[in-house]
Amino acid sequence: MTAAAGDIEKAAGVLRAGGLVAFPTETVYGLGADASDPAAVSRIYQAKGRPSTHPLIVHLAGAEHLDGWVEKLPGPARLLAQHFWPGPLTLVLRRGPRVSSATTGGLETVGVRVPDHPVALALLSAFGGGAAAPSANRFGSVSPTTAGHVRAELGDAVDFVLDGGPCQVGVESTIVDATSDTLSVLRPGGVPREDLEAVLGSSLEVPSVSPIRVPGQHPSHYAPRARVVLVEPGRVAAEAERARKLGHQVGVFLPPSLDGAVPEARAVVAVPASPAEYARGLYGFLRELDRAGCDLIVASLPEEKGLGLAIANRLRRAAGPRG
């Protein structure tokens with residue numbers, strides 16, 4: 001789906017006026033505001049219930065628009081930008097003078113990316129600036145991959161919603177610390193680590209604790225209303241049965257390895273064998289089990305390579321401690 005030209009211009013006008021626009025990207029729907037306007041950015045935090053110390057990612061129409069938003073683009077970062085922009089890659093760099101400190105959560109670094117979605121790129125081109133845009137949902141909850149998800153969760157808190165159809169990647173961007181020549185992955189996402197390493201010709205660390213605050217680091221994140229319990233794939237059916245006997249309304253993520261062994265549960269989602277299909281559907285699956293009235297979801301982690309690393313990251317955060 002492609003938004004009408006009139007809707008693009010209207011949304012750009014909302015951004016110029018300091019308003020909030022939800023717009024599609026290839027990863028998830030973002031909640032955008034003018035990244036150079038502290039008052040506009042503060043509305044993002046208010047709408048999401050997000051702590052103001054959690055930095056936001058600046059979305060741009062192209063790498064040629066980086067001037068003023070970042071201090072410089074080091075060689076390794078430039079190489080990754082050339083290969084993966086537009087696309088689901090965020091580079092963390094030293095901030096430039098155009099970016100509001102509200103956008104960076106008070107940090108001297110900023111995450112920037114160029115989304116790979118025609119509606120997002122048309123909006124950013126028409127706006128002519130950078131849009132600070134976290135996922136368009138309440139802080140810590142399941143990210144939205146359709147315009148309907150945004151409207152259901154944020155309602156009137158958003159001034160305008162651009163509908164660009166379902167998101168094709170389905171999990172957020174990979175975040176890479178590019179503040180020095182030694183790069184590392186701060187959040188696994190839509191660009192697999194292996195693809196980054198192939199371009200760089202060197203390995204990338206994925207530290208368990210990031211030296212830089214970035215989105216998605218909260219102990220509980222991407223979480224449905226139901227509690228998520230992670231077990232080994234061979235234990236999914238047994239754990240679902242145990243929880244059912246304890247009185248839970250159980251939802252199950254049935255891994256491909258258990259094909260045909262469907263446990264008794266309130267709702268069952270058959271996990272796609274393709275990691276790309278799993279990533280695309282992950283947040284929709286979590287929302288589906290919430291709608292089915294489940295209070296507990298039993299799932300297992302996929303093999304942590306390729307997009308499986310990003311899926312496992314999201315499931316671990318979804319299963320994290322609730323505040």
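With hydrogens and angles ignored, the 3.5 Å screen pairs a side-chain donor or acceptor of Thr104 with a backbone N or O of Ser101. Using modelled atom types, one side-chain atom of Asp290 and one backbone atom of Arg225 make a donor-acceptor pair closer than 3.5 Å. Using a distance-only test at 3.5 Å, with no hydrogens or angles considered, no donor-acceptor pair links the side chain of Asp34 to the main chain of Gly18. At least one donor-acceptor pair under 3.5 Å links the side chain of Tyr45 to the backbone N or O of Ala102. Between the side chain of Glu26 and the backbone N or O of Val169, no donor-acceptor pair lies under 3.5 Å. Using modelled atom types, no side-chain atom of Tyr29 and backbone atom of Asn137 make a donor-acceptor pair closer than 3.5 Å. Under a 3.5 Å cut-off, the side chain of Arg138 and the backbone N or O of Ala47 do form a donor-acceptor pair. Here the side chain of Arg95 pairs no donor or acceptor atom with the backbone of Val110 at under 3.5 angstrom. Side-chain N or O atoms of Arg314 include none that pairs as donor or acceptor with a backbone N or O of Gly189 at under 3.5 Å.
Using the six-membered ring where Trp is involved, Phe285 and Tyr278 have ring planes that are tilted, between 30° and 60° apart.
Side-chain contact check for Phe139 versus His54: some heavy-atom pair is nearer than 4.5 Å. Side-chain contact between Leu289 and Pro224: absent, with no pair of heavy atoms (C-beta onward) separated by less than 4.5 Å. Within the 4.5 Å cutoff, side-chain heavy atoms of Trp85 are placed close to those of Leu91. Considering only heavy atoms from C-beta on, Leu254 comes within 4.5 Å of Pro263 through its side chain. At a threshold of 4.5 Å between non-hydrogen side-chain atoms, the residues Ser141 and Glu153 count as touching. Asp116 has its side chain out of reach of Phe84: every pair of non-hydrogen atoms, C-beta onward, lies at least 4.5 Å apart. For the pair Val250/Arg266, no side-chain contact is recorded, criterion being any heavy-atom separation below 4.5 Å from C-beta on. Counting heavy atoms from C-beta on, the side chains of Lys48 and Ser135 come closer than 4.5 Å.
The line from CZ of Arg16 to CG of Asp37 is 13.5 Å long, rounded to the nearest 0.5 Å. In this structure, Leu107 CG and Arg94 CZ are separated by 10.0 Å, a value rounded to the nearest 0.5 Å. Leu183 CG to Asp177 CG: the interatomic distance, rounded to the nearest 0.5 Å, is 7.0 Å. Atom CG of Leu15 and atom CZ of Phe127 lie 5.0 Å apart (nearest 0.5 Å). Here CG of Leu315 is found 5.5 Å from CG of Leu282. Values are rounded to the nearest 0.5 Å. To the nearest 0.5 angstrom, Leu307 atom CG is 11.5 Å from Glu277 atom CD.
Scanning both residues, Val28 and Pro144, for their nearest heavy atoms gives CB-O, 3.3 Å. Heavy atoms only, all atoms of each residue included: Val58 and Ala35 are closest at CG2-CB, 3.9 Å. Nearest heavy-atom pair, Val236 versus Ser300, reported as atom, atom and distance to 0.1 Å: CG2-CB, 4.0 Å. Taking all atoms of both residues into account, the shortest heavy-atom contact from Leu121 to Leu60 is CD2-O, 4.4 Å. When all heavy atoms of Ala279 and Val171 are compared, the pair lying nearest together is O-CG1, 3.9 Å. Across Ala147 and Asp163, no two heavy atoms sit closer than the pair CB-CG, 3.6 Å.
In the hydrophobic clustering of this structure, Val99 groups with Leu73; members are Ile, Leu, Val, Met, Phe, Trp, Tyr whose side-chain heavy atoms approach within less than 4.5 Å, directly or through other members. The cluster map of Ile, Leu, Val, Met, Phe, Trp and Tyr, joined by side-chain heavy atoms under 4.5 Å apart, puts Leu93 and Leu204 in the same cluster. Under a hydrophobic clustering in which Ile, Leu, Val, Met, Phe, Trp and Tyr are joined whenever their side-chain heavy atoms come within less than 4.5 Å, directly or via other members, Ile311 and Val206 fall into different clusters. In the hydrophobic cluster analysis, where Ile, Leu, Val, Met, Phe, Trp and Tyr join through side-chain heavy atoms closer than 4.5 angstrom, Leu31 is grouped together with Val161. Cluster annotation: Val176 and Leu186 are assigned to distinct hydrophobic clusters (Ile/Leu/Val/Met/Phe/Trp/Tyr, side-chain heavy-atom contacts under 4.5 Å, transitive).
Looking only at atom types and distance, the side chain of Thr25 has a donor-acceptor partner in the side chain of Arg113 under 3.5 Å away. For Ser173 and Thr27, the side-chain atoms include no donor-acceptor pair closer than 3.5 Å. Under the 3.5 Å distance criterion, with hydrogens and angles disregarded, a donor-acceptor pair is assigned to the side chains of Ser143 and Glu172.
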Exercise. Kindly determine whether Leu20 and Val14 satisfy side chain to side chain contact (heavy atoms under 4.5 Å, CB included), including the steps that lead there.
Key: CA-CA 7 Å; Leu20 300 185; Val14 171; 5.9 Å; no
Practice problem: Dump the intermediate steps for salt bridge (charged side-chain N to carboxylate O under 4.0 Å, His left out) on Arg242 and Glu239, then the final yes or no. | Solution: CA-CA 5 Å; Arg242 187 188 74 84; Glu239 180 62 24; 2.9 Å; yes
Exercise. Show your reasoning for whether side chain to side chain contact (heavy atoms under 4.5 Å, CB included) applies to Ile57 and Ile175.
Key: CA-CA 10 Å; Ile57 294 170; Ile175 300 180; 4.3 Å; yes
Exercise. Assess whether salt bridge (charged side-chain N to carboxylate O under 4.0 Å, His left out) is satisfied between Arg291 and Glu288, documenting all intermediate values.
Key: CA-CA 5 Å; Arg291 288 194 302 271; Glu288 178 183 336; 5.2 Å; no
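Heavy atoms from other residues, nucleotides or ligands lying under 6.0 Å from CD of Glu264 number 12 at most. Within 6.0 Å of atom CD in Glu9, more than 12 heavy atoms from other residues, nucleotides or ligands are found, so the atom counts as buried in its surroundings.
Checked against side chain to side chain donor-acceptor pair (under 3.5 Å), Glu197 has no partners two or more places apart in sequence or in another chain.
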